[in-house]
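Below is one structure; the comments refer to it alone.
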Amino acid sequence: MSHQWKYDYHHKHNDGVVLVFDGGLGVYLVPDHPDYYFYNNRYYRFVDSVWHVSPGIKGPWVVVKKKNLPPRFLKIKVPKGKIPLVKTK
């Protein structure tokens with residue numbers, strides 16, 4: 001999956017992780033960790049057909065049901081059984 005950048009805003013989070021804002025999704029991407037996202041002080045990832053959420057990049061990761069995801073994550077088109085691919089430029 002490829003995203004068009006509406007904003008090219010880079011931010012370094014308190015834990016040292018570089019974040020890049022994707023204006024199309026309204027969330028930050030994590031360039032050093034493909035298929036990780038950051039929104040509202042939480043990290044999200046999609047692995048083995050399941051969304052996970054964590055307060056930190058290293059975990060602990062907890063499964064989050066699709067109905068409990070922030071609505072903007074529903075914009076991410078993920079083929080069943082696949083991990084989303086995001087290009088960061």
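FYI, side chains are in, hydrogens and waters are out, and symmetry mates aren't considered; it's all heavy atoms of this structure.
When the side chain to side chain contact (heavy atoms under 4.5 Å, CB included) test is applied to Lys67, the partners found at least two apart in sequence or on another chain are Lys65. Legend: residues meeting side chain to side chain contact (heavy atoms under 4.5 Å, CB included) with Lys66, ordered by chain and number and at least two apart, are Leu69, Leu74. Applying the side chain to side chain contact (heavy atoms under 4.5 Å, CB included) rule to Asn40 yields no partners; only residues at least two apart in sequence or on another chain are considered. Every residue two or more places apart in sequence or in another chain was checked for a ring-ring contact (aromatic ring centres under 6.0 Å, His included) with Tyr39, and none qualifies.
Between Pro60 and Pro55, the shortest heavy-atom contact is O-CD, 3.9 Å. The heavy-atom pair separating Val20 from Pro31 by the smallest distance is CG2-CG, 3.4 Å.
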Pair Trp51-Ile76, side chain to side chain contact (heavy atoms under 4.5 Å, CB included): steps then yes or no: CA-CA 11 Å; Trp51 281 100; Ile76 299 172; 3.9 Å; yes
Chi angles and distances behind the side chain to side chain contact (heavy atoms under 4.5 Å, CB included) call for Val30, Ile57: CA-CA 9 Å; Val30 186; Ile57 195 74; 4.2 Å; yes
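To the nearest 0.5 Å, atom NZ of residue Lys75 and atom CG of residue Leu25 are 6.5 Å apart. How far OH of Tyr37 is from CG of Leu29: 6.5 Å, rounded to the nearest 0.5 Å.
A side-chain donor-acceptor contact under 3.5 Å links Arg72 to the backbone of Gly26. A distance-only check finds a donor-acceptor pair linking the side chain of Asp22 to the backbone of Gly24 [under 3.5 Å].
Aromatic rings from Tyr36 and Tyr43 are positioned such that their centres are separated by 6.0 Å or more.
Ring-plane geometry between His52 and Trp61 is classed as perpendicular, the angle between the planes exceeding 60 degrees on a 0 to 90 degree scale with a lower cut at 30.
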